[in-house]
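Here, residue 1 is the first one in the sequence, and each next residue gets the next number. Treat the numbers as computed from the prediction; the structure is a model and nothing was measured.
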Amino acid sequence: QVQLVESGGGLVQPGGSLRLSCAASGSAFSINAMAWYRQAPGKERELVAHITSSASTIYGDSVKGRFTISRDNAKNTIYLQMNSLKPEDTAVYFCNAEFRYGLNYQFLKTVWGQGTQVTVSS
C-alpha cells in the first residue's frame with residue numbers, strides 16, 4: 001500500500017509564500033494522479049490543485065495564478081508552491097493520491113495524507 005507524508009506548512013504573513021511537499025512511499029504501486037485539497041474550519045474540503053502522471057494540471061478558482069503544483073515522478077513527490085498568500089488561504093492542506101497496485105496493477109485506490117496546517121496571518 002501507499003502512505004503519504006506532507007511537509008512545509010506553517011505560519012506566514014499575508015503576501016508571503018510557502019512550499020508544501022507530499023511524498024508517497026510503499027511498494028509495488030504506480031501513481032496515477034495526485035492532488036492538494038484544503039479544509040478550513042467550518043467549511044467543506046475543497047480542491048486546490050490536481051496533477052496527472054503526464055503533468056496536466058487543474059486549479060481551484062480561488063488559487064489560480066497564485067499557486068503552482070508540480071511533481072517529481074522519480075521521487076513520487078508533488079509540490080505546491082503558494083505565492084501571494086491571503087488570510088483566506090488558512091486551512092489544513094491534505095495531499096491525495098490515486099494509485100494502482102496488484103500483480104498487474106489492476107486495482108485502483110485513493111489515499112490521503114494526514115494534513116499540514118497553513119496559517120496566513122499578520
Is the shortest side-chain heavy-atom distance between [X] and [Y] below 4.5 Å?
X: L11; Y: S121; result: yes
X: M34; Y: L4; result: yes
X: S62; Y: R38; result: yes
X: N76; Y: V2; result: no
X: Y79; Y: T68; result: no

Heavy-atom donor-acceptor pair, E6 side chain to G115 backbone, under 3.5 Å: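 A pair under 3.5 Å: yes.
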
So, using side-chain hydrogen bond (donor to acceptor under 3.5 Å, both in side chains) as the criterion, who are the partners of [X] when residues are at least two apart?
X: T52; answer: S54
X: S30; answer: none
X: T119; answer: Q117

Pair L85-F67, side-chain contact (heavy atoms from CB on, under 4.5 Å): steps then yes or no | CA-CA 9 Å; L85 283 161; F67 291 11; 3.7 Å; yes

- [ ] Would you name the heavy atoms of I69 and Y59 that are closest together and state the gap between them?
- [x]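 Reported closest heavy-atom pair: N-OH, 2.9 Å.
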
**Message:** Could you report the tightest heavy-atom contact between S53 and N73, atom names first, then the distance?
**Reply:**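 In terms of heavy atoms, the two residues are closest at O-ND2, 3.5 Å.
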
Can you tell me how far [atom2] of [Y] sits from [atom1] of [X], rounded to the nearest 0.5 angstrom?
X: L80; Y: T116; atom1: CG; atom2: OG1; result: 11.0 Å
X: I78; Y: S70; atom1: CD1; atom2: OG; result: 8.5 Å
X: E44; Y: Q39; atom1: CD; atom2: CD; result: 8.5 Å
X: K75; Y: S25; atom1: NZ; atom2: OG; result: 14.5 Å

Exercise. Which residue pairs pass the salt bridge (Lys or Arg N to Asp or Glu O under 4.0 Å) test when at least one of the two sits in residues 54-73, sequence neighbours left out?
Worked result: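 The answer is D61-K64, R66-D89.
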
Please tabulate, for the side chains in residues 95-110, all donor-acceptor contacts under 3.5 angstrom to protein atoms that are two or more places apart in sequence or on a different chain.
unit_1: E98; atom_1: OE1; unit_2: N32; atom_2: ND2; d: 3.3
unit_1: Q106; atom_1: OE1; unit_2: N104; atom_2: N; d: 3.0
unit_1: K109; atom_1: NZ; unit_2: Q1; atom_2: OE1; d: 3.0

request  = Any ring-ring contact (aromatic ring centres under 6.0 Å, His included) involving residues 12-57? Give me the pairs, sequence neighbours left out, ordered by first then second residue.
outcome  =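 Pairs touching residues 12-57 that pass the test: Y37-W112.
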
